[in-house]
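One structure is given below, encoded as structure tokens.
What you see is a predicted model; the values in this text were computed from it and never measured. This chain uses plain numbering: 1 for the first residue, then up along the sequence.
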Amino acid sequence: QVQLVESGGGLVQAGGSLRLSCAASGSSFSTNAMGWYRQPPGKQREFVAEISSTGIPFYADSVKGRFAISRENGKNTVYLQMNSLKVEDTAVYYCALYRSPYLWGQGTQVTVSS
């Protein structure tokens, strides 16, 4: 069964860093783009970043310059390095495999305290 498993979330103070990982199992995903999304408390899920199968990244304006997405195809894993975290980055973070339909992970909680 194909699945995505996120890890690396937690509690961090504003200005700190976290690195999220998303491991895909069940198949090779080297030919698929992958993305990170987040759902802040009481709000809808929103786009954070994505990376093409060839490693080209794209970011939401709100995280540009602070977050970095990368992938390691040999490990079927995509990462999200989050620096200079802000309280408003608090959310459940989900990774997505871009296929039809999208495949989503279960999410990992990121809480940024002031």
Side-chain angles (χ1 to χ4, degrees):
Q1 183 177 356
V2 176
Q3 62 177 354
L4 302 177
V5 179
E6 300 100 333
S7 61
L11 174 64
V12 64
Q13 286 191 328
S17 298
L18 283 175
R19 189 195 196 202
L20 305 183
S21 300
C22 173
S25 63
S27 181
S28 173
F29 302 111
S30 60
T31 59
N32 297 83
M34 296 186 73
W36 285 97
Y37 291 72
R38 66 187 181 187
Q39 187 164 14
K43 298 183 179 180
Q44 292 188 334
R45 192 173 298 187
E46 62 186 27
F47 169 78
V48 175
E50 65 185 22
I51 187 165
S52 72
S53 60
T54 57
I56 299 173
F58 182 77
Y59 300 96
D61 288 344
S62 58
V63 306
K64 201 172 295 182
R66 300 188 298 121
F67 291 12
I69 188 171
S70 61
R71 65 189 297 161
E72 196 168 354
N73 287 338
K75 293 185 177 181
N76 274 348
T77 301
V78 64
Y79 305 97
L80 185 68
Q81 178 67 43
M82 305 186 295
N83 300 324
S84 302
L85 282 161
K86 304 176 181 180
V87 172
E88 52 264 42
D89 294 319
T90 294
V92 178
Y93 283 72
Y94 299 90
C95 69
L97 174 70
Y98 288 11
R99 67 173 196 183
S100 182
Y102 277 20
L103 177 66
W104 296 94
Q106 84 287 352
T108 186
Q109 176 70 47
V110 172
T111 302
V112 184
S113 64
S114 58

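- Between Tyr98 and Ser53 the shortest side-chain heavy-atom distance does not fall below 4.5 Å.
- Interatomic distance, Glu6 CD to Gln106 CD, rounded to the nearest 0.5 Å: 4.5 Å.
- Closest approach of Ser70 to Ile51, counting heavy atoms only: CA-CD1, 3.7 Å.
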Trace of the side chain to side chain contact (heavy atoms under 4.5 Å, CB included) decision for Thr90 with Gln109: CA-CA 8 Å; Thr90 294; Gln109 176 70 47; 4.1 Å; yes
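- One side chain, Tyr79 or Glu72, offers a donor N or O that lies under 3.5 Å from an acceptor on the other.
- Across Gly105 and Tyr94, no two heavy atoms sit closer than the pair O-CD2, 3.6 Å.
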Verdict with supporting geometry, Met34 and Leu4, side chain to side chain contact (heavy atoms under 4.5 Å, CB included): CA-CA 11 Å; Met34 296 186 73; Leu4 302 177; 4.1 Å; yes
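- Contact between Tyr59 and Ala68 at its shortest, heavy atoms only, is OH-CA, 3.3 Å.
- In this structure, the separation between OG1 on Thr31 and CG on Asn73 is 9.0 Å, given to the nearest 0.5 Å.
- Of the candidates Leu20, Leu80, Val92, Leu20 is the only one forming a side chain to side chain contact (heavy atoms under 4.5 Å, CB included) with Val110.
- Closest approach of Val112 to Gln13, counting heavy atoms only: CG1-C, 4.0 Å.
- Between Thr77 and Phe29, every side-chain heavy-atom pair lies at or beyond the 4.5 Å cut-off.
- Leu97 and Tyr37 end up in different hydrophobic clusters when Ile, Leu, Val, Met, Phe, Trp and Tyr side chains are linked at under 4.5 Å.
- Between the CZ atom of Phe67 and the CD atom of Gln81 there is a distance of 9.5 Å, given to the nearest 0.5 Å.
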Steps toward side chain to side chain contact (heavy atoms under 4.5 Å, CB included) verdict (Val63, Arg38): CA-CA 12 Å; Val63 306; Arg38 66 187 181 187; 4.0 Å; yes
Side chain to side chain contact (heavy atoms under 4.5 Å, CB included) between Ser113 and Leu11, worked out: CA-CA 7 Å; Ser113 64; Leu11 174 64; 4.3 Å; yes
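- A continuous path of hydrophobic side-chain contacts links Phe47 to Tyr102 [ILVMFWY only; heavy atoms under 4.5 Å].
- Counted within 6.0 Å of CD on Glu88, heavy atoms from surrounding residues, nucleotides or ligands total more than 12; the atom is thus considered enclosed.
- Residues Trp104 and Arg45 approach most closely at CE3-NH1, 3.1 Å, considering heavy atoms.
- Interatomic distance, Ile56 CD1 to Arg71 CZ, rounded to the nearest 0.5 Å: 11.0 Å.
- Closest heavy-atom contact between Ala14 and Ser114: CB-CA, 4.5 Å.
- In this structure, Lys75 places its NZ atom where only 12 or fewer heavy-atom neighbours from other residues, nucleotides or ligands lie under 6.0 Å away.
- For the pair Val48 and Met82, the minimum side-chain heavy-atom distance is 4.5 Å or more.
- The pair Lys86-Asp89 fails the salt-bridge criterion, with no side-chain N (NZ, NE, NH1 or NH2) lying under 4.0 Å from an Asp/Glu carboxylate O.
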